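Data block below; observations after.
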Amino acid sequence: MVKGKLSKTFEPQTAEKKLYQYWLDHDLFHAHDTSSQKPFSVVIPPPNVTGMLHMGHALNNVLQDIMVRFRRMQGYNTLWMPGTDHAGIATQNVVEQELAKEGISRHDLGREKFIERVWQWKAKYGGVIINQLKRLGCSCDWARERFTMDEGLSRAVREVFVRLYHDGLIYQGDYIVNWCPRCHTAISDLEVEYIQEEGALWHIRYPFVNGNGGVVVATTRPETMLGDTAVAVNPHDERYKELIGKEVLLPLVNKVIPIIADEYVAMEFGSGAVKITPAHDPNDFAIAGRHHLEIVKIMDGSAVINENGGSYRGQDRYTCRENVLKDLEEQSYLVSKEKYLHSIGQCYRCKTNIEPMVSMQWFVKIQPLAKKAIEAVAKKETKIVPSSWEGTYFEWMSNIRDWCISRQIWWGHRIPVWYCDHCKETIVSTQTPQTCPTCKGVALKQEEDVLDTWFSSALWPFSTLGWPDESAALKTFYPTSLLITGFDILFFWVARMMMMGLYVMGDVPFRDIYLHALVRDDKGEKMSKSKGNIIDPLEMIDKYGADAFRFTLAAFTAQGRDIRMSEDRIEGYKFFINKIWNATKFSIMNLADYPAEGVFVDRSDESLPDRWIKDRLNKTISEVNRGLDEYRFNDAAAGIYQFIWHEFCDWYIELIKPALYNSNDAKEKLAAQHTLLTVLKASLKLLHPFAPFVTEEIWQALSCEEGSIMISEFPLGDESYEDAEAARQMDLIINIISAVRNIRGEMRIAPSKKLHATVSVADKDSLSIVKSGKNYIINLANLDGLDFGVDINDPKGVATSVVGSMKVFVSLAGLINLDEEKARLEKEIVKLQKDIAFISKKLDNQDFLQKASEDVIKKEKVKYQEFTEKHRILKAALSKIRTISL
RNA sequence: GGGCGGGUAGCUCAGUUGGGAGAGCGCCACGUUUACACCGUGGAUGUCACAGGUUCAAGUCCUGUUCCGCCUACCA
C-alpha cells in the first residue's frame with residue numbers, strides 16, 4: 001500500500017532545513033578513502049574567506065552539485081571537497097579596515113598580533129559563505145573542509161616551494177614588477193586590470209650635450225624623466241642614425257645620458273625617440289638589460305618621489321607630474337602636448353594605479369612548467385569543455401611570463417627562506433632551521449614576504465587530499481574527475497593548478513574542466529553593487545525555494561553563453577516544482593489501494609498509455625544521462641521538464657484516470673498503478689540532481705520507499721521499455737484528440753460542451769487503432785460519442801480536420817454559424833497550398849531527383865501525397881459548407 | 001593590434017553530422033472536468049543581422065560587411 005502525506009503545496013523554507021539536516025545526520029555526503037566503487041571527485045573552487053555568496057558562486061556550486069549528485073546516484077564513490085581560500089590581500093584589507101575603526105594600523109599591532117587578529121576575524125566571519133552553500137543544497141563532504149592556511153596545506157606550500165627552489169625553478173632578484181602603492185605590495189601580471197583613460201602625450205626636448213639642438217621624446221608620464229638613463233631610437237631610423245652614441249642632457253636633473261639604438265623603438269610613433277626609465281617601465285627595464293643601463297628608482301613604496309628625484313623629493317607622483325611639466329615649460333623644454341587615449345593598469349583589489357617598479361622579489365620560472373601543462377591538454381589528458389577555451393589556454397600558456405610570487409603583506413604563507421645574519425647564507429627549508437648549516441650561527445631571520453595566495457590554491461587538488469603525505473584519499477581521488485569553474489579564473493587558477501599538479505604529482509589535476517559563463521542581469525549587464533542590479537541568491541531561495549532557483553540556473557546554462565538571470569524565470573520554475581508536487585499528490589491518492597510489495601504485473605496487462613509513457617520515459621532517461629555526461633545542463637533540464645510536465649502530467653495521467661477511477665478491470669488498474677508509480681519514481685530520480693529538496697521530500701513521503709533518494713540508483717535506460725508500436729499508435733490517438741480540441745478552440749466552443757465526432761479511416765490498421773483508443777479519445781476530447789469506420793462520407797454540418805490518412809468530423813449542429821468553420825478551413829487551405837507549391841517545385845526539379853538521397857526524395861513524395869490529399873478533403877468540406885450556407 | 005563569442009518569435013534563448021524553424025515567459029480567446037488557476041485547452045507572431053559564394057537543398061558550410069559583448073597585448 002502506498003500511503004503518504006503531502007501538504008497542499010510544497011513549503012521550501014521548512015522542508016529545506018529539515019532535509020539538509022537529514023542528509024547530514026545520515027552522513028550521506030561522505031566519500032570513502034578506500035572503496036571498491038569507482039571514484040568520482042571534484043574539488044570546490046574555494047571561495048574567498050571574506051566572500052559572501054553571489055550569483056557566480058551560486059551557479060558554480062549548483063552545477064557542481066548537479067554533477068556530484070548525478071555521479072553519486074550512479075554508484076560512484078563520490079567526493080566533493082569543500083573549503084575556503086585565505087585571500088591574502090583582500091582579507092588583510094578587511095581586517096585593516098576593522099583596525100582603522102579602532103584608530104590603529106597593523107604596524108601599531110605588529111606582525112604577530114595582527115595575524116592573531118586575522119585568525120580571530122576568520123573564526124568569527126569566515127564560515128559565512130560555507131553556510132550559504134548549504135542553503136543551496138550543496139552535498140559537499142563537510143568533514144573534509146579545508147582552508148588554505150591550514151597546517152596541512154601550509155606544509156604542502158612549504159614543501160612545494162622548497163622543491164621548486166632546489167629544482168632551480170624559483171629565483172629571487174631585482175626585477176620590474178607591478179607595484180600597488182596603496183597595498184604596498186607587488187602583484188602578478190594577472191592582478192593588474194587595464195582601463196582606458198584620456199591622458200596626454202607630451203613632447204619634451206632633451207638638448208645635446210655638445211652643440212645646438214636636441215632630440216624630442218614623447219611620453220605619457222613626464223614625471224618619470226627624473227629616472228631616465230637613456231634615450232632610445234630605432235637603429236634603422238634615418239632621422240636619428242647620426243645621433244646614436246651621442247649624449248643629451250636630461251632637463252631638470254642635469255644629468256648626461258646616452259642615445260642608444262634598439263629595435264624595440266617604433267619609428268612611426270610619437271617622435272620616434274623614447275626616453276628610457278628602467279626602474280619604472282617594463283619595456284625600459286628590458287632595454288636597460290640589453291644595454292647595461294643604469295637603473296634609477298625615483299619613488300618609494302607609496303609612489304612618492306624619493307631622494308633620487310632631487311628637489312621633487314616628497315611629492316606624490318601626480319603632484320610631481322604637474323611640477324615637472326611646469327618647470328619644463330618655464331625652461332622651454334616642453335615642445336607640445338596632445339590628447340591621448342591610453343590604457344593604464346590598476347590594482348584589481350583597490351583600483352589604485354599600478355606603479356611599475358624595480359624591486360627584490362621571488363619568481364617562479366614558469367616556462368618548463370607551462371610546457372607540460374600545454375602538452376597535457378594537447379594530448380587530451382585533460383579535456384576542456386567547451387573546447388573553444390582550449391585555444392585561449394594554449395595562447396596564454398605559450399606566452400606566459402615568470403610568475404612573481406612574493407607579496408609584501410603579512411597575511412599569507414611566509415616564504416620558507418631564512419638568512420643568516422653572520423655569514424649571509426640563504427637557507428631554504430620546509431622546517432624552521434635552528435642554526436645556520438654553513439657557519440652554525442643562530443642569528444637567523446626569516447624572509448619577511450609571504451606567497452601569492454594563488455600559490456597555495458594552485459596546490460588545492462592534492463593538498464586538500466593530504467599531500468605531501470601519501471594518504472589513501474590522495475591515492476583514491478587524484479587526479480580528480482572534474483573541475484567546474486568560471487572562465488574568468490582560467491589563468492589565475494586553472495592554469496596554475498595544471499602546472500603544479502603535473503610538477504608535484506606527475507599527473508594532471510583533473511580529467512575534465514568545465515568552464516561556465518558569467519551570470520548577468522536580465523538586461524545582460526554584469527551585476528555589480530554600484531549598478532544596484534545585484535540579484536541576491538539567498539533572497540531568491542527564500543522567495544522561491546532552492547529547487548526552483550537551482551533548476552533555473554541549470555536550465556539557462558547553455559555552453560559558451562552568459563546567463564541572464566531574472567526573477568520571472570525563477571518564478572516560472574517554481575511553478576514546475578509545484579507541478580510535480582501535485583502530480584505526486586494525485587499519484588498517492590490513486591495508489592492508496594495499490595499493494596506496493598511484491599506486485600507482479602504482467603506486461604500484457606499494460607494499456608497503450610502505459611506502454612507509451614514507458615517508451616517516452618526511456619527516451620527521457622537517455623536524454624538526461626547524455627546531457628549530464630556532456631555537461632549540457634540546459635538540455636538535461638529541458639528534457640526532464642518536458643517529460644514531467646507535457647508528457648507525464650498532460651497526457652499520461654489524463655489518459656489513465658478512467659482506469660484508476662472505474663476499477664471494473666482490476667488488471668488494467670493494477671498495471672496503471674504500477675506504471676504510474678514506476679514513472680513517478682524514475683522522474684523524481686532524474687530530477688533529483690537539479691531539485692534535491694522537493695524530490696527528497698516526496699520520496700520520503702512515499703511509504704513504499706525507505707532511505708534517501710540521494711543514494712537511490714540513477715535511472716538507466718531499460719530496453720524492455722522501448723515500444724515503437726505504442727509510440728506510433730499513441731501518436732495517432734493524440735493527433736485525433738488534438739484535432740477535436742483544435743476545432744473546439746477555434747470555434748470557441750466551451751470545454752464543458754460535449755461534442756460528437758466521427759473518424760473516417762483509410763485502412764484496417766488505423767481502424768483497429770481508433771477502435772482500441774476510442775475511450776481515450778472520448779474522454780480527452782470530451783465527446784458524448786465517437787463513430788468510426790472505413791471511408792465514411794462526411795455527415796452534414798460538421799467541421800472537418802485531417803489527421804494523416806484519417807478524416808475527423810466534429811458535429812456542429814446548432815452550435816455555431818458555419819462562417820467560422822469556413823474561415824477556419826480557408827486558413828488551413830491557404831497554408832496547404834503554400835506547402836504544396838513548395839514541394840512540387842522541388843519534385844519538378846531534375847537536379848533534386850538526381851542528386852538528393854533516396855530517403856529525402858521519398859519523404860518529400862509522401863509529404864506531397866499527404867498534403868494534396870488533405871487539401872482535397874478540406875476543399876471538399878469547404879464547398880459543402882458553401883452549398884449549405886447558400 | 002590580435003583573439004573569441006554573439007546578432008533566430010514582443011522578451012530570454014535552444015537548434016550536435018545541411019533536407020521546409022523550436023522552447024520558456026509574455027500576449028489573445030475559452031474554461032473552476034474530483035493533482036495542480038503555481039491550472040487546463042486552443043491560438044497568433046519569424047526576409048534565422050546584411051551581402052555574396054558552395055550545393056539539387058543553407059539558420060546550419062565558406063568569404064566579406066556591419067553591430068554588440070568579452071578576453072588579450074610592451075608602441076612610449
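So that the names make sense, note that chain A is the first sequence line, chain B the second, and so on, each numbered from 1. Just so we're clear, the structure is a prediction, and the values are computed from it rather than from any experiment.
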Write down the distance separating the [atom1] atoms in [N] and [M], rounded off to the nearest Å.
N      : M      : atom1 : answer
G64(B) : A21(B) : C1'   : 26 Å
U63(B) : G6(B)  : P     : 15 Å
A58(B) : U17(B) : C1'   : 14 Å
C74(B) : C68(B) : P     : 26 Å
U32(B) : U41(B) : C1'   : 14 Å
A49(B) : G5(B)  : C1'   : 15 Å
G24(B) : G20(B) : C1'   : 24 Å
G22(B) : G15(B) : P     : 15 Å

### Query
Counting heavy atoms not belonging to Y864(A), are there more than 12 under 6.0 Å from its OH?
no

### K657(A) NZ: over 12 foreign heavy atoms closer than 6.0 Å
yes

At under 4.0 Å between heavy atoms, what does [X] touch on the DNA or RNA strands: base, sugar-phosphate, or nothing?
X       : answer
L201(A) : nothing
Y340(A) : sugar-phosphate
E263(A) : nothing
G272(A) : base
H646(A) : sugar-phosphate
D635(A) : base
T392(A) : nothing
V265(A) : base
D835(A) : base
D568(A) : nothing
A638(A) : nothing
K657(A) : base
Q846(A) : nothing
S752(A) : nothing

Within the pair [X] and [N], is there a side-chain N or O less than 4.0 Å away from OP1 or OP2?
X       : N      : result
K574(A) : C25(B) : no
Y661(A) : A35(B) : yes
W651(A) : U41(B) : no
K863(A) : G20(B) : yes
K851(A) : C56(B) : yes

#### Entry: Most 5' of K834(A) and P751(A) on RNA chain B, judged by nearest nucleotide
K834(A)

### First encountered from the 5' end of RNA chain B, between R632(A) and F838(A)
R632(A)

### Task
Please check if any side-chain donor atom of H236(A) sits under 3.5 Å from a side-chain acceptor atom of E263(A), or the reverse.
yes

### Query
When you check the side-chain N and O atoms of N578(A) and N582(A), is any donor under 3.5 Å from an acceptor?
yes

### Task
Give me the ring orientation class for F491(A) and W396(A): parallel if the planes are under 30° apart, tilted from 30 to 60°, perpendicular past 60°.
parallel

### Query
Which class fits the ring pair Y573(A) and F551(A): parallel under 30°, tilted 30 to 60°, perpendicular over 60°?
tilted

Taking a pair as Watson-Crick or G-U wobble with both distances under 3.5 Å, which nucleotide is matched to [N]?
N      : result
G18(B) : none
U66(B) : G7(B)
U32(B) : none
C74(B) : none

To the nearest Å, give me how far apart [atom1] ([X]) and [atom2] ([N]) are.
X       : N      : atom1 : atom2 : result
N399(A) : U72(B) : CG    : C1'   : 10 Å
D650(A) : U41(B) : CG    : P     : 5 Å
H342(A) : G1(B)  : NE2   : C1'   : 17 Å

#### Entry: Closest heavy-atom pair and its distance - K543(A), E567(A)
NZ-OE1, 2.9 Å

#### Entry: Any R744(A) side-chain heavy atom under 4.5 Å of N782(A) side chain
yes

